[in-house]
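First up is the structure itself, then whatever we jot down about it.
Letters A, B, ... mirror the listed sequences (proteins, then strands); counts begin at 1.
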Amino acid sequence: MPNRLPEHAHLVAEYVEPYRGGRLTSGQVERFRRVVWSYYRAARRPMPWRETRDPYRIMVSEFMLQQTQVSRVEPRYHEFIARYPTVFELATAPLGEVLRSWQGLGYNRRAKHLHETARRIAERGGIVPDEVRELRTLPGIGPYTAAAVAAFAFDRRVVVLETNIRRLFLHGFFPDAQGVSDREIEPLVEQTLPERGVRQWYYALMDCGAALAGMVGNANRRSRHYSRQSSFSGSVREVRGMIVRVLSEHAEVPLETLERAIGPTDERFRPALEGLERDGMVVVSGRSVSLGESSP
DNA sequence: ATCCTGAAGC
DNA sequence: GCTTCGGGAT
């Protein structure tokens with residue numbers, strides 16, 4: 001995180017045109033676009049998944065980036081793509097191996113969902129869908145990721161809205177409003193969306209929104225959908241993470257050994273292990289536990 | 001403490 | 001609508 005932001009970041013922070021409803025004037029659209037592009041030209045963030053056109057690799061990056069910083073994803077993305085260069089390597093790998101590749105990234109269900117999605121895509125010849133409606137049917141792909149894959153991999157002209165873009169529009173067009181719904185923001189995203197070059201435009205929007213995070217208070221707190229996150233330390237998912245980490249270091253672990261590793265007095269152990277089993281990420285057979293799905 | 005290119009289950 | 005789901009950097 002640079003202490004000194006690029007000059008154009010101030011241009012982004014100073015762009016405020018309170019939105020009064022209706023359609024944006026062509027002048028407003030033009031001014032907004034000028035600020036966004038000028039920032040992007042000066043300070044675009046290069047990322048490996050922005051250099052490829054491979055829909056599979058873009059999809060992998062979108063799974064990894066859900067609730068996870070770019071800086072944390074970057075090294076893991078390289079490792080993952082080196083191990084699973086195409087959707088077929090990923091689809092044919094055992095779930096346990098994929099979970100090990102994911103270890104430390106967090107939200108491990110993303111890995112299971114990505115694996116299952118890869119299997120379904122491989123069954124259909126390895127073609128990643130290019131339509132939001134179809135993408136939405138795949139596990140782990142929600143409203144954002146579906147739109148992101150369509151826009152970034154296929155340059156489809158669809159509305160993409162995530163935390164950086166939301167922050168940018170809240171800051172620029174809803175400076176004083178409270179409890180702003182995404183339904184109010186989406187029309188503005190649509191109206192400022194260019195006819196061509198959709199992918200680069202969204203990269204620019206996200207970089208502008210990310211730049212704002214370091215300068216002004218988080219405008220996303222004025223979103224209707226804003227909610228604080230429950231604390232991690234002391235939570236069940238903390239123990240889930242510990243269990244997955246231990247299991248990823250061994251092929252099979254006796255139940256007692258696993259419990260001792262976590263802390264025999266920790267009453268979160270049972271619910272955590274049962275949750276992981278229910279989610280299909282660990283298998284308890286007899287008195288031993290292993291990562292992945294039950295082998296056929 | 002806060003938040004990160006969210007999704008699923010209820 | 002509300003909760004759960006990781007982990008690390010700040």
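- Heavy-atom nearest nucleotides on DNA chain B were determined for Tyr203(A) and for Arg228(A), and the one closer to the 5' end corresponds to Arg228(A).
- Residue Trp102(A) contributes atom CH2, which lies 13 Å from atom P of dA7(B) at whole-angstrom precision.
- For residues 160-183 of chain A, the pairs satisfying ring pair (Phe, Tyr, Trp, His ring centres under 6.0 Å) are Tyr15(A)-Phe173(A), Tyr19(A)-Phe174(A), Phe32(A)-Phe169(A), Phe32(A)-Phe173(A), Phe169(A)-Phe173(A), with sequence neighbours left out.
- Residue pairs meeting the salt bridge (charged side-chain N to carboxylate O under 4.0 Å, His left out) criterion with at least one partner in residues 171-183 of chain A, sequence neighbours excluded, are Arg166(A)-Asp182(A).
- Contact annotation for Met281(A): no contact, since no heavy-atom pair falls under 4.0 Å across all strands.
- If you find the closest nucleotide of DNA chain C to His225(A) and to Tyr107(A), the one lying nearer the 5' end belongs to His225(A).
- Within the nucleic acid shown, Gly104(A) comes within 4.0 Å of sugar-phosphate atoms alone, with no base atom in reach, counting heavy atoms only.
- Applying the salt bridge (charged side-chain N to carboxylate O under 4.0 Å, His left out) test to every pair with at least one member in residues 96-114 of chain A, sequence neighbours left out, gives these pairs: Arg83(A)-Glu97(A), Arg109(A)-Asp279(A).
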Can I get a per-line list of side-chain donor-acceptor pairs under 3.5 Å for residues 131-143 of chain A, giving both atom names and the distance, sequence neighbours left out?
| unit_1 | atom_1 | unit_2 | atom_2 | d |
| --- | --- | --- | --- | --- |
| Glu134(A) | OE2 | Arg124(A) | NH2 | 3.4 |
| Arg136(A) | NH1 | Ile141(A) | O | 3.0 |
| Thr137(A) | OG1 | Glu134(A) | O | 2.7 |

Between protein and nucleic acid, restricted to nucleotides 8-10 of chain B and to nitrogen or oxygen atoms under 3.5 Å apart, what atom pairs and distances do you find?
| unit_1 | atom_1 | unit_2 | atom_2 | d |
| --- | --- | --- | --- | --- |
| dA8(B) | OP1 | Gly140(A) | N | 2.6 |

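- One interatomic measurement links the two molecules: CZ of Arg268(A) to C1' of dT4(C), which rounds to 15 Å at whole-angstrom precision.
- Residue Arg221(A) places at least one side-chain N or O closer than 4.0 Å to OP1 or OP2 of dC3(B).
- Without hydrogens or angle criteria, Ser61(A) side chain to Met59(A) main chain gives no donor-acceptor distance under 3.5 Å.
- For dC4(B), its base sits under 3.5 Å from the side chain of Gln229(A) at one donor and acceptor pair at least.
- When the C1' atom of dC4(B) is taken as reference, atom CG of Asp207(A) falls 15 Å away, rounded to whole Å.
- Contact check of residues 65-78 of chain A against DNA chain C (heavy atom, cut-off under 4.0 Å) returns Gln67(A), Thr68(A), Gln69(A), Arg72(A).
- When the P atom is compared between dA7(B) and dG8(C), the two are found 23 Å apart, to the nearest whole Å.
- Between the C1' atom of dC5(C) and the CG atom of Leu99(A) lies a distance of 14 Å, rounded to the nearest Å.
- Counting any heavy atom pair closer than 4.0 Å across all strands shown, Asn218(A) reaches sugar-phosphate atoms only and no base atom.
- For Thr145(A), the side-chain atoms get nearest to dA7(B) when compared with the rest of dC5(C), dC3(B), dA7(B).
- Within the structure, salt bridge (charged side-chain N to carboxylate O under 4.0 Å, His left out) pairs that include any residue of residues 188-213 of chain A comprise Arg45(A)-Asp207(A), Arg50(A)-Asp207(A), Arg157(A)-Glu190(A), Arg157(A)-Glu195(A) (at least two apart or interchain).
- Under the 4.5 angstrom side-chain criterion for Ile, Leu, Val, Met, Phe, Trp and Tyr, Val283(A) has no cluster partners at all.
- For Ser71(A), the side chain to side chain contact (heavy atoms under 4.5 Å, CB included) partners two or more places apart in sequence, or in a different chain, are Gln69(A).
- DNA chain C is contacted by no residue of residues 154-171 of chain A, taking any non-hydrogen atom closer than 4.0 Å.
- In summary, Glu30(A) and Arg33(A) do not engage in a salt bridge, as defined by a charged side-chain N under 4.0 Å from a carboxylate O.
- Screening residues 229-275 of chain A for ring pair (Phe, Tyr, Trp, His ring centres under 6.0 Å), with sequence neighbours left out, gives no hits.
- Scored by the side chain to side chain contact (heavy atoms under 4.5 Å, CB included) test, Pro187(A) finds Gln191(A) as partners (sequence neighbours excluded).
- Atom pair Glu62(A):CD and dC4(B):C1' shows a separation of 14 Å (rounding to whole Å applied).
- What separates CZ of Arg245(A) from C1' of dG7(C) is a distance of 11 Å, to the nearest Å.
- Summarising the geometry, the separation between CG on Leu276(A) and C1' on dT4(C) is reported as 13 Å, rounded to the nearest angstrom.
- Distance NE2 (His115(A)) to P (dA7(B)): 20 Å, rounded to an integer number of Å.
- Within 4.0 Å of Tyr226(A), counting heavy atoms only, lie sugar-phosphate atoms of the nucleic acid but no base atom.
- Arg53(A) places a side-chain heavy atom less than 4.5 Å from the side chain of Asp155(A).
- Of the charged side-chain nitrogens involved, none lies within less than 4.0 Å of a carboxylate oxygen, so that Arg31(A) and Glu14(A) do not count as a salt-bridged pair.
- Positionally, the nearest nucleotide of DNA chain C for Arg224(A) lies more toward the 5' end than for the other of Arg224(A) and Ser230(A).
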